[in-house]
> 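Once you've had a glance at the structure underneath, I'll fire off some questions.
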Amino acid sequence: MSLKQQLQRCTVAVVLRVLHAAMAELPRLDSRAAREFSRMPEGLAFAVHTCVGGPSLFVQWRGGRLLRLAKAAESANTLSIKSLPLSFRLFCGAMSVPQAYARHAFTVRGDLGEVMILARLVDLVESYLFPRFITRRILTDVPRREVCSLRLYGRMLLGFLSFRYKKYE
């Protein structure tokens with residue numbers, strides 16, 4: 001594996017951790033995120049695979065919290081991105097989700113309605129995490145922020161320092 005691939009792999013792994021942390025914190029700060037989470041049935045699970053053997057994220061809505069799992073739940077809705085370079089471009093904001101869809105960069109397995117909940121949440125998260133000049137390029141409709149992004153970053157930092165985002169079995 002080349003140095004470039006190792007750096008891409010590491011970057012994607014970090015972005016997936018940040019994505020989970022932001023999704024876990026955002027419902028406490030943004031009413032739209034809270035509304036999306038209120039629609040989730042207990043036990044709803046998602047798996048994001050970046051490529052074969054690449055970094056992955058497994059989450060499940062349990063007990064009013066979005067937990068990061070050690071392995072995918074059997075009933076998880078799955079988003080599989082076809083390659084590491086595509087994953088890197090998608091997660092770093094160089095390519096939007098509609099662009100990735102148009103290029104057949106990923107496949108989705110599961111209930112499309114439930115996957116759309118995840119897509120709406122990711123759009124909200126991106127509007128907070130990325131600066132405006134990037135979100136205008138990757139999102140067709142940029143959601144207005146209800147709070148300052150620094151509040152989200154602060155909550156995420158405290159969550160990382162307190163090990164709030166550990167993996168569950």
Side-chain angles (χ1 to χ4, degrees), residues 6-51 54-81 84 87-97 106 110 114-135 138-139 142-169:
Q6 289 176 351
L7 289 173
Q8 286 179 340
R9 181 187 209 88
C10 182
T11 302
V12 168
V14 168
V15 170
L16 286 172
R17 293 287 309 272
V18 169
L19 179 65
H20 167 253
M23 285 195 307
E25 295 298 336
L26 200 56
R28 293 170 186 84
L29 301 172
D30 189 289
S31 63
R32 295 161 299 183
R35 194 169 40 251
E36 289 298 335
F37 276 104
S38 71
R39 294 178 186 162
M40 285 189 184
E42 182 73 16
L44 180 61
F46 297 102
V48 179
H49 298 284
T50 57
C51 60
S56 297
L57 175 66
F58 310 119
V59 294
Q60 186 173 38
W61 179 247
R62 248 191 302 184
R65 293 177 46 204
L66 189 66
L67 303 177
R68 187 168 64 102
L69 304 177
K71 60 182 180 175
E74 288 181 25
S75 63
N77 295 291
T78 305
L79 175 82
S80 299
I81 304 168
L84 185 60
S87 300
F88 178 77
R89 294 193 63 216
L90 186 62
F91 288 120
C92 290
M95 178 174 33
S96 68
V97 173
F106 62 86
E114 292 174 350
V115 172
M116 290 310 296
I117 293 172
L118 179 66
R120 287 189 295 271
L121 285 169
V122 169
D123 281 353
L124 271 174
V125 165
E126 287 176 343
S127 74
Y128 279 96
L129 296 181
F130 288 123
R132 291 266 187 232
F133 71 92
I134 293 177
T135 55
I138 62 174
L139 296 176
V142 180
R144 182 187 53 79
R145 295 176 186 161
E146 291 185 2
V147 297
C148 176
S149 293
L150 293 176
R151 284 191 60 193
L152 177 61
Y153 280 114
R155 289 185 66 95
M156 289 167 43
L157 179 62
L158 290 174
F160 281 120
L161 293 175
S162 66
F163 301 101
R164 194 167 41 223
Y165 312 125
K166 64 183 179 186
K167 286 185 182 178
Y168 290 87
E169 294 300 319

> Out of curiosity, Leu66 CG to Leu121 CG, how far, rounded to the nearest 0.5 Å?
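Rounded to the nearest 0.5 Å, the CG-CG separation comes to 8.5 Å.
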> Between Pro143 and Arg32, what is the shortest heavy-atom contact and its length?
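Heavy-atom minimum between the residues: CB-NH1, 3.5 Å.
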> What side-chain donor-acceptor pairs closer than 3.5 Å can you find for residues 37-47, not counting sequence neighbours?
from  : atom 1 : to    : atom 2 : distance (Å)
Ser38 : OG     : Arg35 : O      : 2.6
Arg39 : NH1    : Glu36 : OE2    : 3.1
Glu42 : OE1    : Gly63 : N      : 3.4
Glu42 : OE2    : Gly63 : N      : 2.8

> Is any side-chain heavy atom of Trp61 less than 4.5 Å from a side-chain heavy atom of Ile117?
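Answer no - side chains too far apart.
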> Taking ring-ring contact (aromatic ring centres under 6.0 Å, His included) as the test, write out the residues that go with Phe58, two or more places apart.
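His49.
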> Between Leu118 and Val59, is any pair of side-chain heavy atoms under 4.5 Å apart?
no
> Tell me, please, which residues at least two apart from Phe160 pass ring-ring contact (aromatic ring centres under 6.0 Å, His included).
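Applying ring-ring contact (aromatic ring centres under 6.0 Å, His included) to Phe160 gives Tyr165.
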> Using the side-chain contact (heavy atoms from CB on, under 4.5 Å) criterion, which residues pair with Ser96? Sequence neighbours excluded.
Pro98, Gln99, Ile138
> Can you tell me how far apart CZ (Phe130) and SG (Cys92) are? Round to the nearest 0.5 Å.
7.0 Å
> Can you name the residues that form a side chain to side chain donor-acceptor pair (under 3.5 Å) with Ser80, not counting sequence neighbours?
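Side chain to side chain donor-acceptor pair (under 3.5 Å) list for Ser80, sorted by chain: empty.
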> For Val147, enumerate each residue passing the side-chain contact (heavy atoms from CB on, under 4.5 Å) test, keeping only those at least two apart in sequence or located in another chain.
Leu29, Tyr128, Arg151
> Working to the nearest 0.5 Å, report the span between CE of Met156 and CG of Leu161.
11.5 Å
> Among residues at least two apart in sequence or on other chains, which ones pass salt bridge (Lys or Arg N to Asp or Glu O under 4.0 Å) with Asp123?
none
> Tell me which one of Val15, Thr50, Leu16, Leu69 satisfies side-chain contact (heavy atoms from CB on, under 4.5 Å) with Leu57.
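Between Leu57 and the candidates, side-chain contact (heavy atoms from CB on, under 4.5 Å) is satisfied uniquely by Leu16.
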> Minimum heavy-atom separation for Phe91 and Val48, please, with both atom names.
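Heavy atoms only, the tightest pair is CZ-CG1, 4.0 Å.
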> Give every residue pair that meets the salt bridge (Lys or Arg N to Asp or Glu O under 4.0 Å) criterion with at least one member in residues 156-169, sequence neighbours excluded.
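Found Glu25-Arg164.
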> Applying salt bridge (Lys or Arg N to Asp or Glu O under 4.0 Å) as the test, list every pair that has at least one member in residues 61-79; sequence neighbours left out.
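Checked against salt bridge (Lys or Arg N to Asp or Glu O under 4.0 Å) - neighbours excluded - no pair reaches residues 61-79.
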> To the nearest 0.5 Å, how far apart are CD in Gln60 and CG in Leu67?
7.0 Å
> So, taking the atom named CZ in Arg155 and the one named CG in Leu150, what distance separates them when rounded to the nearest 0.5 Å?
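It comes to 14.0 Å.
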> Could I get the full list of side chain to side chain donor-acceptor pair (under 3.5 Å) partners for Ser75, not counting sequence neighbours?
none
> Kindly write out the residues that satisfy side-chain contact (heavy atoms from CB on, under 4.5 Å) with Gln6, not counting sequence neighbours, or none if the list is empty.
Met1, Leu3
> Got a sec, which residues hit side-chain contact (heavy atoms from CB on, under 4.5 Å) with Val125, two or more places apart in sequence or on another chain?
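In terms of side-chain contact (heavy atoms from CB on, under 4.5 Å), with neighbours along the sequence ignored, Val125 is linked to Leu19, Ala22, Met23, Leu26, Leu129.
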> When you measure from the side chain of Arg145 to the backbone N and O of Ser127, does any donor-acceptor pair fall under 3.5 Å?
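Yes: the side chain of Arg145 pairs with the backbone of Ser127.
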